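Okay, structure first, notes after.
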Amino acid sequence: MAPAQRCPLCRQTFFCGRGHVYSRKHQRQLKAALERLLPQVEAARKAVRAAQVERYVPEHERRCWCLCCGCEVRKHLSHGNLTVLHGGLLEHLASPEHKKATNRFWWENKAEFQMKEKFLISPQDYARFKKSMVKGLDTYEEKEDEVIKEMAAQIREVEHSRQELVRSVLEPQAVADPEDGSSALGGWKGTNSLVASTSQQPSSVDLPPTPELDWMETGQPLTFIGHQDTPGIGNIHSGATPPWMVQDEEHSSVNQQIGPSYEEFLKEKEKQKLKKLPPDRVGANFDHSSSTSVGWLPSFGRVWNNGRRWQSRHQFKTEAAARNKQQSHREKKPSVS
Amino acid sequence: MSFLLPKLTSKKEVDQAIKSTAEKVLVLRFGRDEDPVCLQLDDILSKTSSDLSKMAAIYLVDVDRTPVYTHYFDISYIPSTVFFFNGQHMKVDYGSPDHTKFVGSFKTKQDFIDLIEVIYRGAMRGKLIVQSPIDPKNIPKYDLLYQDI
């Protein structure tokens, strides 16, 4: 018998010599292993076209096991603060050692020839990836710049509103116009959280009470609509009956009921019964109360009709029209002759 | 006998009956009151109408008064009985050439009751055509006239 050999893919010892590679079990293991590896390679291949640059995160330290070389490879390429996604894996896949190892693997395990190409990255692809990586880096830099600019603008805005607030406090007389007052207050309310959070706690505590007093004194005066004092009718303070408890003249009869009448109640009962019927019965959605024209015909599958049941109506109408024409034609004839 | 069952005399009344019968089988007998076979059928219909009141509503239609429906339903032999459920026509396979209506009279009351029950059950299940429970021996024989002869 052949000497004992260990197959690393099946993780088993076998005595069949070279025959083991062709067995069903081995091929199955091979397929499963390649299927596990394929998605990683595909993701890396996608990155060839559109390389993504991200900020460094500890997750980017992940490694991937390359089946053909039998070694662990860093998936993403990171340098300093930035990472290029799938860079490491691509670099490994493009290397000549990986190519040699892949060929040997394919030969030894008798895998499908067409699949081999999928696991290799040509040097041209790698060059393309490098180019897109450069582009990705540029766009990333631009994005970072934009973010920084936005933050700067925000800080400037906060500063500005704070200045306005200080100004408005120092000039209480000038705040007679309600529009100005409300805009200053709006700004104050919006920036109150920011002001409190950024810095200068004692000054923010001082600012709120003074504008509030300002607004209460110098706001628009209320409209006066007269003393509500009719001598005959009492009001809430004197303990008179509230208007909604007073019996109206028209509604004093006993016939007025609140809620549904008896007929409506019966109809509701009928509807409940209907709900219990099977929902897929014939004509479940037939609207019984719809008004139809004089020429309405029910859906009838006629004896002599070609086509489907719902077309029988149409056919009947055309036949009826033809018959009427014939009849009127016949009626006309005797009058002519 | 036929005066016990409600009669429909115009197309409008027939339309009204078709539209307003809800969740019950609508039985329309097309024929003439004086015709002997019609009298037989009307007897059976009226005697069973109260028992079937929860499942079926039965009406008599005079073929001379409603020419539209006589043409539409292809009534060539009387009496002919057409069945509807919720405004939808129900076909029944009796073993005869015409499935759209029942031609002639029933042999016994039980035949008619069975037929109504089968139609009702079929309709509740959503079936537009059902198999008749009546023994084919009891179904009246007739020749289906070819159209336009």
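Note that the structure is predicted; figures quoted are calculated from it, not measured. Below, each value reflects all heavy atoms present in this structure, side chains not excepted, and no hydrogens, waters or symmetry copies. The sequence lines fix the lettering, A, B, ..., with proteins before strands; numbering per chain opens at 1.
Options B:Met90, B:His99, B:Lys19, B:Lys127 differ in how many heavy-atom pairs under 4.5 Å they form with chain A, and the most are formed by B:Lys19. Heavy-atom pairs under 4.5 Å with chain A were tallied for B:Val14, B:Asn86, B:Asp15, B:Thr21; the largest tally goes to B:Asn86. Between chain B and the residues A:Phe286, A:Phe316, A:Phe300, the most heavy-atom pairs under 4.5 angstrom are made by A:Phe300.
Using a 4.5 Å cut-off between heavy atoms, B:Val68 contacts chain A through both its backbone and its side chain. Looking at B:Lys12, there are no atoms closer than 4.5 Å to chain A (heavy atoms on both sides), in backbone or side chain. For B:Lys101, the part lying near chain A is the side chain, with the backbone staying farther off; criterion is any non-hydrogen pair under 4.5 Å. Heavy atoms closer than 4.5 Å to chain B are found in the side chain of A:Arg323, but not in its backbone. Contacts between B:Ser20 and chain A at a heavy-atom distance below 4.5 Å involve the backbone alone (N, CA, C, O). Looking at B:Asp98, the atoms closer than 4.5 Å to chain A (heavy atoms on both sides) all sit in the side chain, from C-beta outward. Interface remark: A:Ala284 contributes backbone atoms only to the contact with chain B (heavy atom separation under 4.5 Å).
One distance of note links CD of B:Glu23 with CD of A:Glu270; it measures 10.0 Å at 0.5 Å rounding. Considering CG of B:Leu128 and OG of A:Ser299, their distance stands at 8.0 Å, rounded to 0.5 Å.
Shortest non-hydrogen contact noted between A:Asp280 and B:Met124 is OD1-O, 4.0 Å. In terms of heavy atoms, A:Pro298 sits closest to B:Tyr72 at O-OH, 2.7 Å.
No donor-acceptor distance shorter than 3.5 angstrom exists from the side chain of B:Lys11 to the backbone of A:Leu297, with no hydrogens or angles considered.
Residue A:Lys317 qualifies as enclosed at atom NZ: its count of foreign heavy atoms under 6.0 Å is above 12.
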